[in-house]
Structures are given as structure tokens and as C-alpha cells.
Chemist: 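Sending over a structure as C-alpha cells; questions will come in a sec.
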Amino acid sequence: MSDQPVGPIDATRVPRYAGPATFARLPRADEVDHVDVAVVGVPFDSGVSYRPGARFGPAHVRASSKLLRPYHPALDVSPFAAQQVADAGDIAVNPFDIADAMKTVELAARELGAGGTKLLTIGGDHTIALPLLRAVAAEHGPVAVVHFDAHLDTWDTYFGEPTTHGTPFRRASEEGLLDPARCLHVGIRGPLYSREDLREDGVLGFQVVHADDYQDATVASVVERMRRRLGDGPVYVSIDIDVLDPAHAPGTGTPEAGGLTSRELLHTLRGLVGLNIVGADIVEVAPAYDHAELTGIAAAHVGYELLSVLAKNREEGSAAQR
């Protein structure tokens with residue numbers, strides 16, 4: 001096969017509404033001889049505490065990604081030409097047993113990531129961040145997490161269950177998967193259970209950029225703070241689509257008013273260029289509550305932004321070696 005990456009189906013030859021049902025109409029992983037970045041779905045939502053439906057998120061985000069184009073002008077990069085991106089399909093998990101599902105996700109993530117392949121995972125609910133972090137930490141050691149969300153997701157249990165979409169980062173911190181000096185929440189807002197939630201969150205290793213900080217400061221200042229916190233080590237990016245205001249992402253399980261705009265989120269993600277990104281997830285897209293594909297399109301563009309950051313980092317790394 002050619003040494004050049006295989007990109008999406010040419011939209012000038014095959015209409016957007018036709019072609020493969022993969023992310024951005026990219027090739028499947030079994031159609032290429034190597035994969036630098038695998039887009040993989042995890043259709044799982046048994047860990048939710050309110051609205052179900054995120055198990056249908058991977059298919060919805062893929063369907064909403066058909067308009068993505070191969071050149072990113074803001075970053076001056078072609079994410080599908082600078083690296084081989086392919087769709088690895090879905091990880092089939094047990095919907096009746098959370099612990100078993102988490103084992104399946106971790107094992108599949110380790111297998112897919114073997115040989116240096118990075119994963120962009122589409123959920124599914126936020127429970128899946130825990131096994132994904134287990135797989136990443138097994139390779140890289142404790143990582144920084146930059147977590148975009150309306151909610152902290154560092155609570156202890158729900159109804160006595162320790163593994164849910166509201167607990168992944170507490171479990172990850174307790175298991176030593178995180179670097180407690182470099183973790184950050186972005187976009188936090190809305191009511192909490194008590195003032196102790198924020199104190200306990202700090203003990204687990206997180207600083208917080210509140211959604212209101214975008215109102216009181218500039219995106220550039222938020223990016224600067226984020227980069228200082230994340231530093232030079234490996235970084236995992238976890239994005240709950242409810243970090244966006246419901247006006248931009250209504251199709252999610254636990255919406256909160258007062259969130260980021262899609263423009264603010266995309267600009268913040270561009271600030272990750274140059275950092276050592278080792279993996280990412282986009283979760284909590286629940287298409288039953290979406291309309292006009294608003295949430296799916298937002299999530300697809302978030303994925304495109306992350307792929308573009310990875311491509312830009314690859315290009316800059318190659319240039320530095322020459």
C-alpha cells in the first residue's frame with residue numbers, strides 16, 4: 001500500500017449523504033496497513049444517573065461528521081494527511097454489568113493502542129473514562145487530565161455504586177492513574193451537593209476553571225492557565241459534551257445552563273497544540289434529546305479539533321527532528 005495516509009472519501013465525487021458510515025467518512029482500520037490515530041466508539045450508558053441514551057452517541061456523532069473537510073485553516077494543518085486516521089468501529093460491551101464492561105473497554109483500548117496508536121474515543125457515558133485512563137496509564141504512567149465538563153465527576157458513589165458517570169476521576173485519582181499536580185477541570189458550573197465537593201475535588205488533584213471564568217476573562221487567558229497547569233508530561237483530554245451550553249448541545253443526559261459556546265470550546269482545544277496529548281474521549285452525546293444534529297455536529301467538530309491538534313503536534317515534532 002502507499003506510504004501516504006488514506007483520507008476521507010472525496011466529497012466532490014461522492015455526495016456527503018452517501019459513502020461509508022465512518023467518522024468523517026474515513027477508512028476503516030482494517031482497510032489501512034497502519035493506524036496513527038484510531039477513532040473508536042463505546043456504545044455504553046449503563047452508568048448514567050439521569051437521562052439514558054448515550055449508547056447511541058457513537059453512531060450519531062459519526063453521522064454528524066459527514067461535513068468535515070480535510071483542511072483546518074486556523075491551525076494550518078490537514079489532519080487526515082499528516083497522520084493515518086481510521087475508524088476502528090465500536091467496542092461491544094456488556095450493558096448489564098458495569099464492571100465487566102469496564103474490563104472490556106480497558107482490554108480493547110490496550111489492544112488498539114498497541115504500537116503507539118492513539119485513541120479518540122466516542123461514548124457512551126463518562127464512566128468509560130476510567131478504563132481508558134487505566135489503559136493510558138499502563139503505558140505512560142500517571143497522566144494529567146484536562147476534563148471539560150459542567151460537572152466535577154469526582155463524587156464517591158451513586159446509590160452505593162462506585163463506578164458511574166459521576167465518579168470516574170475520583171476512582172482514577174485513588175488508583176494512582178493521575179498526576180495530581182497537573183489535572184484541571186474546565187467549564188464547571190451549576191449547583192453542587194455541598195461546598196465540600198470542591199474541597200474534596202482539590203484533594204484529588206484538580207484545579208477548576210469555572211464556566212464563569214470565560215465571562216470574566218478571555219479565552220486566551222484560560223488557555224494560558226490550562227497550559228501552565230498541564231505542563232510537559234503526558235496529557236489525556238476528556239470532553240463531556242455538556243460542557244457546552246444546552247443552546248449548543250441539547251442532546252445530552254445532564255444539561256446545565258450557563259455553559260461554554262462551541263466557539264469557546266474549539267478555541268480552547270486549539271490551545272493544546274504543543275502539549276503531549278496521549279489520548280482523548282468525547283462522551284455523553286444522547287441523540288434522543290438532540291435536534292437538527294446540534295449536539296452531534298458540535299461533538300464531531302470537537303473530534304476534528306482534537307485530530308487537528310494531534311496532526312499539528314506530529315508535524316511540529318517531525319520538523320524539530322529535521
Chemist: Show the nearest heavy-atom pair for residues P58 and G124, with the distance to one decimal.
Modeler: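 In terms of heavy atoms, the two residues are closest at CD-N, 3.8 Å.
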Chemist: Taking CD in E196 as the centre, count heavy atoms belonging to other residues, nucleotides or ligands within less than 6.0 Å. Is the count above 12?
Modeler: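 Correct, the count exceeds 12.
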Chemist: What is the distance from atom NE2 of H301 to atom CG of L68, rounded to the nearest 0.5 Å?
Modeler: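 One gets 5.0 Å once the value is rounded to the nearest 0.5 Å.
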Chemist: Could you state the interatomic distance from CG (N94) to OG (S46), rounded to the nearest 0.5 Å?
Modeler: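 Between atom CG of N94 and atom OG of S46 there are 7.5 Å.
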Chemist: Show the nearest heavy-atom pair for residues P168 and T127, with the distance to one decimal.
Modeler: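 In this case the closest contact between P168 and T127 is CB-O, 4.4 Å.
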Chemist: Look at the side-chain heavy atoms of Ile, Leu, Val, Met, Phe, Trp and Tyr, link any pair under 4.5 Å apart, and say whether L266 and L272 land in one connected group.
Modeler: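 Yes; L272 is reachable from L266 via cluster members.
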Chemist: Report whether Y214 and V237 are members of the same hydrophobic cluster (ILVMFWY, side-chain heavy atoms less than 4.5 Å apart, transitive linking).
Modeler: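 Shared cluster, yes.
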Chemist: Any non-hydrogen side-chain atom of Y289 less than 4.5 Å from a side-chain atom of P250?
Modeler: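 Side-chain contact under 4.5 Å: no.
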Chemist: What residues form a side chain to side chain donor-acceptor pair (under 3.5 Å) with D245, not counting sequence neighbours?
Modeler: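 D245 satisfies side chain to side chain donor-acceptor pair (under 3.5 Å) with no other residue.
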Chemist: Is there a donor-acceptor pair closer than 3.5 Å between any side-chain N or O of R182 and the backbone N or O of F206?
Modeler: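 No: the side chain of R182 does not pair with the backbone of F206.
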Chemist: Is there a path of hydrophobic side-chain contacts, each under 4.5 Å between heavy atoms, that joins V40 and F44?
Modeler: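 Yes, one cluster joins them.
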Chemist: Exactly one of Q207, H147, H151 should register a side chain to side chain contact (heavy atoms under 4.5 Å, CB included) with H185. Which one does?
Modeler: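 Of the listed residues Q207, H147, H151, the side chain to side chain contact (heavy atoms under 4.5 Å, CB included) partner of H185 is H147.
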Chemist: About how many Å separate CG of L230 and CG of D179, when rounded to the nearest 0.5 Å?
Modeler: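 It comes to 10.0 Å.
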Chemist: What are the two closest non-hydrogen atoms of P43 and I91, and how far apart are they?
Modeler: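 Smallest heavy-atom distance, with atoms named: CD-O, 3.4 Å.
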Chemist: Evaluate the side-chain proximity of T254 to R51: yes if any heavy-atom separation is below 4.5 Å, no if none is.
Modeler: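 No, their side chains stay 4.5 Å or more apart.
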Chemist: Salt bridge (charged side-chain N to carboxylate O under 4.0 Å, His left out): which pairs involve residues 287-304, sequence neighbours left out?
Modeler: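 Qualifying pairs, neighbours excluded: none.
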Chemist: Considering only Ile, Leu, Val, Met, Phe, Trp and Tyr, and joining two whenever side-chain heavy atoms are under 4.5 Å apart, list the other residues clustered with Y158.
Modeler: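 Listed partners: L152, W155, F159, I188, L192, Y193, L198, V208.
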Chemist: Say whether, by atom type as modelled, one donor and one acceptor occur between the side chain of R25 and the main chain of V14 under 3.5 angstrom.
Modeler: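 Such a contact is found between R25 side chain and V14 backbone.
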Chemist: Identify the heavy atoms of P142 and P234 that sit nearest to each other, and give their distance.
Modeler: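 Scanning both residues completely, I find the closest heavy atoms to be O-CG, 4.2 Å.
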Chemist: Do L269 and I239 have side-chain heavy atoms sitting under 4.5 Å apart?
Modeler: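 Touching, per the 4.5 Å side-chain cut-off.
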Chemist: May I ask you to decide if T121's main-chain N or O and D281's side chain share a donor-acceptor pair within less than 3.5 Å?
Modeler: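 Between the backbone of T121 and the side chain of D281 there is no qualifying donor-acceptor contact (under 3.5 Å).
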Chemist: The test is side-chain contact (heavy atoms from CB on, under 4.5 Å); show your working for V105 and R110 and say whether it passes.
Modeler: CA-CA 9 Å; V105 173; R110 288 191 185 217; over 6 Å; no
Chemist: Between D242 and P255, is there a side-chain heavy-atom distance shorter than 4.5 Å?
Modeler: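 Contact flag for P255/D242 side chains = no.
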Chemist: Does R170 reach the main-chain N or O of P162 with its side chain, forming a donor-acceptor pair under 3.5 Å?
Modeler: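 Such a contact is absent between R170 side chain and P162 backbone.
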Chemist: For V35, is there any backbone N or O sitting under 3.5 Å from a side-chain donor or acceptor partner on T117?
Modeler: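 It does hold such a pair.
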Chemist: Calculate, to the nearest 0.5 Å, the distance between atoms NZ and CZ belonging to K66 and R16 respectively.
Modeler: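 If we round to the nearest 0.5 Å, K66:NZ and R16:CZ are 10.0 Å apart.
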Chemist: Identify the residue among V61, V39, L306 that makes a side chain to side chain contact (heavy atoms under 4.5 Å, CB included) with I282.
Modeler: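 Answer after filtering V61, V39, L306: L306.
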Chemist: At what distance, to the nearest 0.5 angstrom, does CD1 of I9 lie from OG1 of T22?
Modeler: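 Taking CD1 in I9 and OG1 in T22, the distance rounds to 7.5 Å.
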Chemist: Take H126 and D149 through the side chain to side chain donor-acceptor pair (under 3.5 Å) test and state the conclusion after the steps.
Modeler: CA-CA 10 Å; H126 222 153; D149 202 324; 3.3 Å; yes
Chemist: For Y50, does the OH atom sit with more than 12 other heavy atoms under 6.0 Å from it, leaving out its own atoms?
Modeler: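 Check fails, neighbour count at 12 or below.
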Chemist: If you apply the rule side-chain contact (heavy atoms from CB on, under 4.5 Å), what do you find for R229 with V209, and how did you get there?
Modeler: CA-CA 11 Å; R229 178 65 175 172; V209 174; over 6 Å; no
Chemist: Please say whether more than 12 non-hydrogen atoms of neighbouring residues, nucleotides or ligands are located less than 6.0 Å from CD in E111.
Modeler: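 No, because the 6.0 Å sphere around CD of E111 holds 12 heavy atoms or fewer from other groups.
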Chemist: Over all heavy atoms of both residues, which pair between A150 and E256 is shortest? Give the atoms and the distance, please.
Modeler: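 For A150 and E256, the tightest heavy-atom pair comes out as CB-CG, 3.8 Å.
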Chemist: Give a yes or no on whether the backbone of N276 and the side-chain of N313 come within a donor-acceptor separation of less than 3.5 Å.
Modeler: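 A pair under 3.5 Å: no.
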Chemist: Answer yes or no: is there a side-chain heavy-atom contact under 4.5 Å between L265 and L244?
Modeler: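 Yes, their side chains come closer than 4.5 Å.
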Chemist: Can you check whether A135's main-chain N or O pairs, donor with acceptor, with E139's side chain at less than 3.5 Å?
Modeler: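 Flag not set: sc E139 to bb A135 has no pair under 3.5 Å.
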Chemist: Once salt bridge (charged side-chain N to carboxylate O under 4.0 Å, His left out) is applied, what residue pairs with a partner in residues 112-137 remain, sequence neighbours excluded?
Modeler: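 Those involving residues 112-137 are R134-E175.
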Chemist: Is there side-chain contact between S308 and R270, with at least one heavy-atom pair below 4.5 Å?
Modeler: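 Counting from C-beta outward, S308 and R270 never come under 4.5 Å.
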Chemist: Does the pair R227/E224 count as a salt bridge with the N-to-O cut at 4.0 Å?
Modeler: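 Judged by the 4.0 Å cut-off on N to carboxylate O distance, R227 and E224 do not form a salt bridge.
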Chemist: Among all residues two or more places apart in sequence or in another chain, which pass the ring-ring contact (aromatic ring centres under 6.0 Å, His included) test with H72?
Modeler: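 Expected list: Y304.
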Chemist: Are L260 and V285 connected in the hydrophobic side-chain network, where two residues link if heavy atoms are under 4.5 Å apart?
Modeler: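 Yes, one cluster joins them.
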Chemist: If I compare all heavy atoms of P246 with all of A257, which pair ends up nearest, and what's the gap?
Modeler: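 Here P246 and A257 meet closest at CD-CA, 4.0 Å.
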Chemist: For D76 and Y71: C-alpha separation, side-chain torsions, deciding distance, then whether side-chain contact (heavy atoms from CB on, under 4.5 Å) applies.
Modeler: CA-CA 7 Å; D76 186 27; Y71 174 66; 2.7 Å; yes
Chemist: Answer yes or no: is there a side-chain heavy-atom contact under 4.5 Å between D201 and F169?
Modeler: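 D201 does not reach F169 side chain to side chain.
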Chemist: Rounded to the nearest 0.5 Å, how far does CG of L133 lie from CD of E106?
Modeler: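 E106 CD to L133 CG: 10.5 Å, rounded to 0.5 Å.
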Chemist: Tell me whether Q84 contacts the main-chain N or O of V6 through its side chain, where contact means a donor paired with an acceptor under 3.5 Å.
Modeler: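 Yes, because the side chain of Q84 sits within donor-acceptor range (under 3.5 Å) of the backbone of V6.
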Chemist: More than 12 non-hydrogen atoms from neighbouring residues, nucleotides or ligands closer than 6.0 Å to CG on D232, yes or no?
Modeler: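 No - once you tally the heavy atoms of other residues, nucleotides and ligands closer than 6.0 Å, there are 12 at most.
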Chemist: With side chains defined as the heavy atoms from C-beta onward, is the minimum distance between P70 and S78 less than 4.5 Å?
Modeler: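 No. Closest side-chain heavy atoms not under 4.5 Å.
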Chemist: Given the rule that I, L, V, M, F, W and Y join up when any side-chain heavy atoms are under 4.5 Å apart, are V222 and V235 in one cluster?
Modeler: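 Linked within one cluster.
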Chemist: Check the pair L177, V145 against side-chain contact (heavy atoms from CB on, under 4.5 Å), reporting the backbone distance first and the verdict last.
Modeler: CA-CA 10 Å; L177 308 178; V145 166; over 6 Å; no
Chemist: Using the side-chain contact (heavy atoms from CB on, under 4.5 Å) criterion, which residues pair with D10? Sequence neighbours excluded.
Modeler: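 D10 satisfies side-chain contact (heavy atoms from CB on, under 4.5 Å) with T12, R13 once adjacent residues are dropped.
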